[in-house]
Amino acid sequence: RTEVELFFLQALDEVRQKIFHSRAHYKQAAQIAYQKLMLDASTGKEDYPKIRTFNKSERSTNCVYQDMEDADKCMYVGKVNISDLTWEQKEKVLCLLFAKMNG
């Protein structure tokens, strides 16, 4: 493999690691926020929030994993700064560039 191919493979691996850590952090933060809302609701300070699930489930209508998938679907029109993209979108860009390069 050439140096350019190795660079793209390393970049892709790094982005995938960032996605993994970002999703784990998001899930943890969302769960803590939900638990706080439930605690406040149980003491009468707030209304009860909608039921939220934190495990992958096809039946859930309010799952934290759906938020992560929605972030991947966000589309930009016009000029885009790479720093504005989510990690998932950066992964797509790298995959497309790598495919073009090999294709």
Side-chain angles (χ1 to χ4, degrees):
R1 298 196 174 238
T2 67
E3 284 184 41
V4 174
E5 286 177 314
L6 288 175
F7 170 79
F8 273 98
L9 289 173
Q10 289 171 343
L12 198 53
D13 185 52
E14 185 178 331
V15 166
R16 287 180 176 153
Q17 288 177 13
K18 296 277 188 185
I19 290 170
F20 175 80
H21 292 295
S22 174
R23 287 182 173 188
H25 182 266
Y26 177 80
K27 180 183 172 188
Q28 181 182 24
Q31 197 162 10
I32 289 169
Y34 182 76
Q35 289 170 345
K36 184 182 178 331
L37 286 173
M38 289 296 285
L39 184 63
D40 288 346
S42 70
T43 60
K45 295 179 186 175
E46 296 283 336
D47 290 336
Y48 280 96
K50 291 182 180 178
I51 293 174
R52 187 141 170 96
T53 56
F54 297 93
N55 295 317
K56 285 190 176 184
S57 173
E58 292 179 17
R59 297 179 185 181
S60 177
T61 58
N62 191 13
C63 179
V64 72
Y65 288 95
Q66 186 63 42
D67 296 348
M68 295 176 204
E69 291 174 15
D70 290 345
D72 189 27
K73 295 176 186 173
C74 182
M75 300 299 290
Y76 292 91
V77 177
K79 258 187 172 175
V80 177
N81 190 336
I82 192 87
S83 63
D84 294 338
L85 300 176
T86 65
W87 287 113
E88 292 83 0
Q89 292 166 334
K90 290 175 186 178
E91 178 187 30
K92 270 189 180 174
V93 168
L94 284 172
C95 286
L96 289 170
L97 287 172
F98 195 65
K100 287 276 188 188
M101 187 174 70
N102 288 325

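Computed from a predicted structure; not experimentally measured.
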In Å and rounded to the nearest 0.5 Å, what is the OH to CD1 distance from Tyr26 to Ile19?
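Rounded to the nearest 0.5 Å, the OH-CD1 separation comes out at 15.5 Å.
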
Measuring from atom CD of Glu5 to atom CD of Gln10, what distance do you get when rounded to the nearest 0.5 angstrom?
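Those atoms lie 12.0 Å apart.
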
Hydrophobic cluster membership, [X] vs [Y], 4.5 Å side-chain cutoff:
X     : Y     : value
Met68 : Phe20 : no
Ile51 : Ile32 : no
Ile82 : Leu97 : yes
Phe54 : Leu39 : no
Leu94 : Leu9  : yes

Side chains of [X] and [Y]: closer than 4.5 Å at any heavy-atom pair?
X     : Y     : answer
Arg16 : Trp87 : no
Leu37 : Lys50 : no
Glu14 : Glu91 : no
Leu12 : Phe98 : no
Pro49 : Met38 : yes
Val64 : Gln31 : no
Val93 : Lys90 : no
Ser42 : Tyr48 : yes

Check this for me: Asp47, atom CG, are more than 12 non-hydrogen atoms of other residues, nucleotides or ligands nearer than 6.0 Å?
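It does not: Asp47 CG has 12 such atoms or fewer within range.
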
Can you name the closest pair of heavy atoms from Asp40 and Thr43 and give their distance?
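Closest heavy-atom pair between Asp40 and Thr43: O-OG1, 2.9 Å.
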
Check Arg52 with Asp67, please: is the shortest side-chain N to carboxylate O separation under 4.0 Å?
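Answer for the salt bridge query: yes.
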
Quick test of your reading of the model: are Glu88 and Arg23 salt-bridged, counting only N-O distances below 4.0 Å?
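Here Glu88 pairs with Arg23 in a salt bridge, since their nearest N and O are under 4.0 Å apart.
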
Do Asn62 and Gln66 get their side chains close enough for a donor-acceptor pair, meaning under 3.5 Å?
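Checked: Asn62/Gln66 side chains show no N/O donor-acceptor pair below 3.5 Å.
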
For Thr53 and Asn55, test the side chains for any donor-to-acceptor distance below 3.5 angstrom and give the result as yes or no.
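Note: Thr53 and Asn55 side chains miss the donor-acceptor criterion.
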
Gln89 side chain vs Thr86 backbone, donor-acceptor pair below 3.5 Å:
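Between the backbone of Thr86 and the side chain of Gln89 there is a qualifying donor-acceptor contact (under 3.5 Å).
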
